[in-house]
Amino acid sequence: MAVTIRPLGMLKSYIGGKSETAVDAGGTVRKVLQDLGIPPEVVALVLVDDEQQSKEYVLRDGETVKLMAIIGGGTR
Amino acid sequence: MTFKLTYATMFDPPPELHTSFDQALAKVKASLGKEYGLLIDGKEVFTAEKFLDHTPINTEVVLAVMQKGGEKEAQDALAAARRAFPRWSRTPWQDRITLVRHAAELIDERLFEIGAAMALEVGKNRMESLGDVTEAADLLRYSCFQMEKNNGYVVEMGRDPLVGYSARNLSVMRPYGVWLVISPFNFPAALSYGPVGAALVTGNTVVLKPATDTPWVTRLIADCLRDAGLPDGVFNFVTGPGHTLGQALITCADVDGATFTGSYDVGMGIFRDFSQCGWPRPIILEMGGKNPAVVSRHADLERAATGIVRSAFGLQGQKCSACSRVLVEAPVYDALVSRLVEMTDRLVIGNPTEKPVYLGPVINKKAYQDYQAYIHELGEAGEILTGGQVLTDGELAKGYFCAPTLVTDVPFSHRLWKYEMFLPITMIARVNDLDEAMQHANGVDYGLTAGFYGNANEVEAFFDQIEAGVTYANRPQGATTGAWPGFQPFGGWKSSGSSGKNAGGHYYLPLYMHEQIRTMIT
């Protein structure tokens, strides 16, 4: 099994507009972001299986990670 | 560290984002002028009278043909919501949030098309347009998250010490019934679907009426809720004038609660109408602001200038959180003002669908005329440092473009120090010390957002003294703007809001429910 990464909203543009992609387990969220070319500083919220986690969280097989951009809603 | 006033201050998008936006814009432009119905009881409804939705970028362009709903449509929509309420309110909250999350996913999927429509209809620049649409999806998700985190708001209370009996007491939060949402033009996505999401996940059924200037983008998102599979009548969407349709929706018999976001005058009118009902009904009012930025002699002036310009002129000053007043301690006044003028003069104004543009047009002819009247008034009372004119060169002549304006030397007794203009006009004043600054900062009826730039001790005093619901210190991304769900729940004090609980925060969902205590003796 792998880890499913689901960037929300505008963050999808970092993975070619796709809704999700898969990565190997065992790395931190930060490392995965770097490997995918998503600047960690633009990610405001990391949800692992709908629980908020830090970017230092170590991902496990079967988990789904949702990523929300800092601009997402940061407009009001 | 220096901050540049670019989108990158908050979000540095990859080139693919702009490519996606441009492709979506072309697609959206190719199908302009389509007719859209109301959505009542799951059906598309067309009325005899229509109205044309124009873009403020070029008033010759028709974006969409919308329905001019009136009293009948108001009654039909409220009746549909009433019929749908018993079943929806008894649907387990876990099932409700599944549907609402699905709607959020559909908004995500259609982000660029809806964002392009937003830029055309509201005149927002492309990043702010995408941000507003994204925020709508985020707010739907946030309401789901809160419902889940609070286990549907069912809480076990203490057990009574009744001799010979066992008592169990439960606190259960239950929906009110039919919830009316009236939303503003400036954030037709977030400020429509934030309240809609909160009402739906808590088990209310909804009638949404968007602002007359922004029915189209609101309808495009309504399609996402419909396509997510919400049962017929649970969510209804109506368009039409405020003085007819809007007024017909404010009925005591048919509405159990309401969320209004817009001007103070309209909001207070609704508040008074609701007070005539047979019993008190909840009404969440999110009204205007006259938001100050206070700059101390110890501030990082580069950071302050960046935050102030961003907040003063983002969305052409038409945010309720816009920074419309700047109060600067005398020793740094000249340096700050010079930097503010320099940064303002560098802002790019034009067609907001284009990548480099920061400021688009103001929303409509009335706003355009108001701008000119205020400029005249302020020019007589003080000094216009930059801006102060409408822009009519070339293509700009077809839209409502106004130069971002900084004004100084207006006496504090002038009425516009306390009046919300809702335009790209910011007033600046020199103060002798922070005590004087705080007196002026709090000396208005509004209390929505406020910003401060200074040292750590001063920041603590600012937070303690300021009368506002959302406050920021030393923030380059925005002196008074830039809230996002789950981080800066958004709401105001005094004339800015009625509930004292901020949207997108811990205490928001319970506003949409009333408590029932259930005592069971066995």
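Here is the naming used below: chain letters follow the sequence lines, and residue numbers restart at 1 for every chain. No hydrogens, no waters, no symmetry mates; every other heavy atom, side chains included, goes into these values.
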Here the pair of heavy atoms bringing Glu109(B) nearest to Lys12(A) is N-NZ, 3.9 Å
Rounded to the nearest 0.5 Å, the CG atom of Asp138(B) sits from the CG atom of Leu45(A) at a distance of 8.5 Å
When rounded to the nearest 0.5 Å, the distance separating CG of Asp108(B) from CG of Leu11(A) is 9.5 Å
Distance col, row Arg141(B):CZ vs Leu47(A):CG, nearest 0.5 angstrom, shows 9.0 Å
Taking atom NZ of Lys55(A) as the centre, does the number of heavy atoms from other residues, nucleotides or ligands within less than 6.0 Å exceed 12? yes
Within a 6.0 Å radius of atom CG on Asp35(A), are there more than 12 heavy atoms belonging to other residues, nucleotides or ligands?
yes
Taking every heavy atom of Met10(A) against every heavy atom of Leu111(B), the minimum-distance pair comes out as N-CD2, 3.6 Å
Turns out that what part of Leu191(B) lies under 4.5 Å from chain A's heavy atoms comes down to side chain
Rounded to the nearest 0.5 angstrom, the CZ-OG distance for Phe112(B) and Ser13(A) is 5.0 Å
Honestly, the part of Leu139(B) sitting under 4.5 Å from a heavy atom of chain A is side chain
Next item on the list: For side chain to side chain contact (heavy atoms under 4.5 Å, CB included), just list the numbers for Lys149(B) and Glu51(A), CA-CA rounded to whole Å, side-chain angles, deciding distance to a tenth of an Å, and then say yes or no.
Entry: CA-CA 10 Å; Lys149(B) 181 181 164 195; Glu51(A) 289 285 327; over 6 Å; no
Cut-off 4.5 Å, heavy atoms of chain A, and the answer for Phe21(B) is neither
